[in-house]
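First the structure, in the form of structure tokens, and then the observations on it.
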Amino acid sequence: MKQIVLLIMSLLVFSSPTKAQEQPADAVRQPGGKILVAYFSCTGTTEKAASAIARAVDGDLYRIVPAVAYTPADLDWTDESSRSSKEMADENSRPALGGGSLDPAEYDAVFLGYPIWWDACPRAVNTFLEKYDFSGKTVIPFATSGSSSIAGSVRKLGALYPEIEWREGRLCNGSTEQAADWARRAIE
Ligand SMILES: Cc1cc2nc3c(=O)[nH]c(=O)nc-3n(C[C@H](O)[C@H](O)[C@H](O)COP(=O)(O)O)c2cc1C
């Protein structure tokens, strides 16, 4: 009888997962860790996805705010002299930011959302990435667009900021529920 009890106990010890086993070694969020959901949005589409993602992962939502807001005329991509056309034609353009400040050190990982502009992220997102120190941080991009994929923008970001641990991004043109599901899985 004693041997059977010992056998059952040893089976229980070796088969029940420890805390370390429950938490995959490459999990993005460590126990108690915080997630930042930073986004840029001019007409509200990316903002909807960002809000759903922040709710889904219990993250802190941070809006990347340009010092000077974009007017509809600024966003006219059919006008090559519009503000957005000029900024996107100049890869060194870094529009100034307003908005509150944040401390990247507080976060385990960052979801970074933006609209696709000319197959890239808007230059204000570059200003954001250069204003704060995200080196060594896991950054998970997401985007909305008319139809373009996110791939070109992520490739450019990876080349410009190799010190950041880029994870695979996602185009969030579908429902906010789909964005939320993806985000939950992305940090498991
Ligand atoms: C200046 C500008 C350039 C754009 N370039 C593209 C593009 O290259 N491909 C695309 O599919 N959509 C493009 N769009 C559409 C936006 O990506 C799309 O409307 C996005 O969802 C807007 O997000 P927001 O509402 O968060 O600002 C562009 C929009 C603007 C204003």
Side-chain angles (χ1 to χ4, degrees), residues 35-102 104 107 109-132 134 139-161 164 166-184 186-187:
I35 303 283
L36 175 68
V37 181
Y39 72 96
F40 178 82
S41 178
C42 285
T43 50
T45 316
T46 313
E47 181 165 55
K48 282 198 195 96
S51 301
I53 288 169
R55 275 194 305 277
V57 303
D58 194 20
D60 290 351
L61 195 57
Y62 177 87
R63 181 167 189 196
I64 301 169
V65 182
V68 178
Y70 289 78
T71 64
D74 289 339
L75 298 174
D76 185 354
W77 66 83
T78 64
D79 174 3
E80 63 182 29
S81 65
S82 75
R83 175 181 170 192
S84 59
S85 296
K86 284 195 267 186
E87 286 175 1
M88 298 312 287
D90 174 6
E91 63 182 28
N92 296 315
S93 168
R94 296 292 181 267
L97 298 182
S101 62
L102 61 85
Y107 298 97
V110 183
F111 283 91
L112 177 66
Y114 51 84
I116 303 292
W117 284 8
W118 298 103
D119 199 37
C121 66
R123 303 288 183 214
V125 174
N126 296 88
T127 312
F128 174 73
L129 290 170
E130 293 167 21
K131 179 172 178 182
Y132 297 105
F134 291 102
V139 177
I140 311 167
F142 65 96
T144 67
S145 74
S147 62
S148 296
S149 99
I150 192 175
S153 68
V154 174
R155 208 167 34 246
K156 288 168 194 145
L157 286 169
L160 268 179
Y161 309 110
I164 290 175
W166 294 99
R167 293 277 174 125
E168 197 178 337
R170 161 118 177 172
L171 191 67
C172 293
N173 279 354
S175 69
T176 50
E177 287 77 16
Q178 285 170 328
D181 283 350
W182 162 75
R184 270 186 225 102
I187 58 163

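Numbering of ligands and ligand atoms starts at 1, following listing order. Nothing fancy with the numbering, it's 1 onward along the sequence.
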May I ask you to decide whether Arg123 forms a salt bridge with Asp90, counting only side-chain N to carboxylate O separations under 4.0 Å? no
At less than 4.0 angstrom from any atom of ligand 1, which residues have a non-hydrogen atom? List them by chain and residue number. Ser41, Cys42, Thr43, Gly44, Thr45, Thr46, Leu75, Trp77, Ser84, Pro115, Ile116, Trp117, Trp118, Asp119, Thr144, Ser145, Gly146, Ser147, Ser148
Applying side-chain hydrogen bond (donor to acceptor under 3.5 Å, both in side chains), which residue pairs with at least one partner in residues 142-151 are found, sequence neighbours left out? Thr46-Thr144, Ser145-Asn173
Just how far is it from atom CG of Leu160 to atom CD of Glu91, taken to the nearest 0.5 Å? 7.5 Å
Angle between ring planes, Phe40 versus Trp117, binned at 30° and 60°: parallel, tilted or perpendicular? perpendicular
Decide yes or no for Lys156 and Asp119: does some side-chain heavy atom of the first lie under 4.5 Å from some side-chain heavy atom of the second? yes
Ser51 side chain to Glu47 main-chain N or O, any donor-acceptor pair under 3.5 Å? yes
